[in-house]
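Numbered from 1 within each chain, the chains take letters A, B, ... in sequence-line order. Everything quoted here is computed from the prediction, not taken from an experiment.
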Number of protein chains: 2
Amino acid sequence: MAQKNKLQFVILGLLNQQPLTGYDLTKAFDHEIGEFWQAQHSQVYPQLKRLEEQGYITHEITISGEKLEKKLYHITTTGQAILTTWITAGTPELTATKDEFILKLYFIRTSRDPRLPEMLSEQLQLHSEKLQHLQARLTTVFPTKKSQTENFGHYLILQHALGRENYYVTWLQETLAALPHKA
Amino acid sequence: MAQKNKLQFVILGLLNQQPLTGYDLTKAFDHEIGEFWQAQHSQVYPQLKRLEEQGYITHEITISGEKLEKKLYHITTTGQAILTTWITAGTPELTATKDEFILKLYFIRTSRDPRLPEMLSEQLQLHSEKLQHLQARLTTVFPTKKSQTENFGHYLILQHALGRENYYVTWLQETLAALPHKA
DNA sequence: TCCAGCATGTAACGAGTTACATGATTCG
DNA sequence: CGAATCATGTAACTCGTTACATGCTGGA
């Protein structure tokens, strides 16, 4: 079994909104949904092939210009059923994160370790940038109250990620401030 | 290249504190450091072999009882150098988390989706349990002010994880409370 | 005409999980 | 003496990243 194939559900979910090509899906992983899911095209194309073999999606070929063939994928009713089943089922496993910075922290023994201030500052910088990015995303994607009620789940995700980064930044600031001063 | 081998550094870091067997390391991944890093013994043993081939660790064989051979691994000075280099270097990549629940949320279109309350409640339950677990861990592992200054990094990690779960729980509660009431 | 971007695939590899496999020790 | 745990390994497989490979299109 190894691991639970979640990529298939992302793809089914996106195709459930509108027909897309593999290229479109890959772009989505870079942009629209890149905040919470990523995949390269080298994962996307084989997965599309497998989903089609299973009968969850089909494709039609469209021509751009003279002869560039695009495969536009559609979800089937079977695919929709699979998608609904997945969403409706429970999600009892919490994702374990493997944060390299946190791992490094574990090997810092004392609050006077001279590397601590730099390490925390670097993360503060990174997470501040991410926080700003998320703030910008939230106001671009959901500028009005009304827009938040359409695609409500997406709104919740962005707002949740924003809060998470905000906590991370605050924690880094407080931890930095609480370090013993140099003598 | 594929992916950055962080497991090697966890092992080096643990061996830098005291000599351990593969079995001990595997137990540590289940217990002491399981909050922020996990690995099965099927990953640990081959990694130990590779680390020894590279000269970062050595092992001595000890006998338990009549003939049970245990391989007790020690870090070498080369290994210590590698470890220090890794810790001291920057950590500029933020870990992207792939949370299945968050992914499902994305496909919920309206705040009136009947599945939302159950979904949020389930996560609230799970994250509350994790929060309590972390609270218990923190008070067991670091009962006194003094104990927090030894293994300061570990203290920071636990305290950070606690804050993170606390935010998650609060967010779930607030989101649940803000859902439109049933007519 | 050239170059960025569109479009689709495969190959090689490392990371991580589950399962298979074996044997020793300790304690009730 | 039997079961839980100690102890070490390998095999098979999936997930995910980087790199290789090819060709078309549209606009400056």
Is [Y] close to [X] at the side-chain level, that is, under 4.5 Å between some pair of heavy atoms?
X	Y	value
B:Y56	B:L12	yes
A:F101	A:L172	yes
A:R115	B:T84	yes
B:F29	B:I33	yes
A:I108	B:I87	yes

Is it true that the side chains of [X] and [Y] contain a donor and an acceptor less than 3.5 Å apart?
X	Y	answer
B:D30	B:Q38	no
B:D113	B:T110	no
B:Q125	B:E129	yes
B:D24	B:Q18	no
A:E165	A:H133	no
A:T91	B:K104	yes

Kindly say if B:K27 contacts the phosphate of D:dA7, meaning a side-chain N or O under 4.0 Å from OP1 or OP2.
no
[X] has an atom [atom1]; how far is it from atom [atom2] of [N], in whole Å?
X	N	atom1	atom2	value
B:Q3	D:dT18	CD	P	8 Å
A:F9	D:dT14	CZ	C1'	15 Å
B:F29	C:dA15	CZ	P	13 Å
B:L7	C:dG14	CG	P	14 Å
B:I61	D:dT8	CD1	P	10 Å
A:Q38	D:dT18	CD	C1'	16 Å
B:E69	C:dT22	CD	P	19 Å
B:Q40	D:dA12	CD	C1'	15 Å

Using a heavy-atom distance cut-off of less than 4.0 Å, which residues of residues 18-26 of chain A contact DNA chain C?
A:T21, A:G22, A:Y23
Using a 4.0 Å cut-off on protein heavy atoms (strictly under), produce a 5'-to-3' string for nucleotides 22-28 of chain D with B for base contact, S for backbone-only sugar-phosphate contact, and - for none.
-BSS---
Restricting both atoms to N or O, compile the protein contacts to nucleotides 9-11 of chain C shorter than 3.5 Å, with distance only.
residue : atom : partner : partner atom : Å
C:dG9   : OP1  : A:K71   : NZ           : 2.6
C:dG9   : N7   : A:H41   : NE2          : 3.4
C:dG9   : O6   : A:H41   : NE2          : 2.6
C:dT10  : OP1  : A:K49   : NZ           : 3.4

Looking at A:K4 and B:E100, is any side-chain nitrogen of the basic one under 4.0 Å from a carboxylate oxygen of the acidic one?
yes
With a cut-off of 3.5 Å and sequence neighbours excluded, list every side-chain donor-acceptor pair involving residues 149-163 of chain B.
residue : atom : partner : partner atom : Å
B:T149  : OG1  : B:K146  : O            : 2.6
B:N151  : OD1  : A:R109  : NE           : 3.0
B:N151  : OD1  : A:R109  : NH2          : 2.5
B:Y155  : OH   : B:Q148  : OE1          : 3.4
B:Q159  : OE1  : A:W171  : NE1          : 3.3

Please list, chain by chain and in numerical order, all residues satisfying salt bridge (charged side-chain N to carboxylate O under 4.0 Å, His left out) with B:K145, sequence neighbours excluded.
none
One would report the end-axis bend of the helix from C:dT1-D:dA28 to C:dG28-D:dC1, five pairs per end and rounded to 10 degrees, as 20°
Please work out if A:K6 contacts a base, only the sugar-phosphate, or nothing of the nucleic acid, heavy-atom cut-off 4.0 Å.
nothing
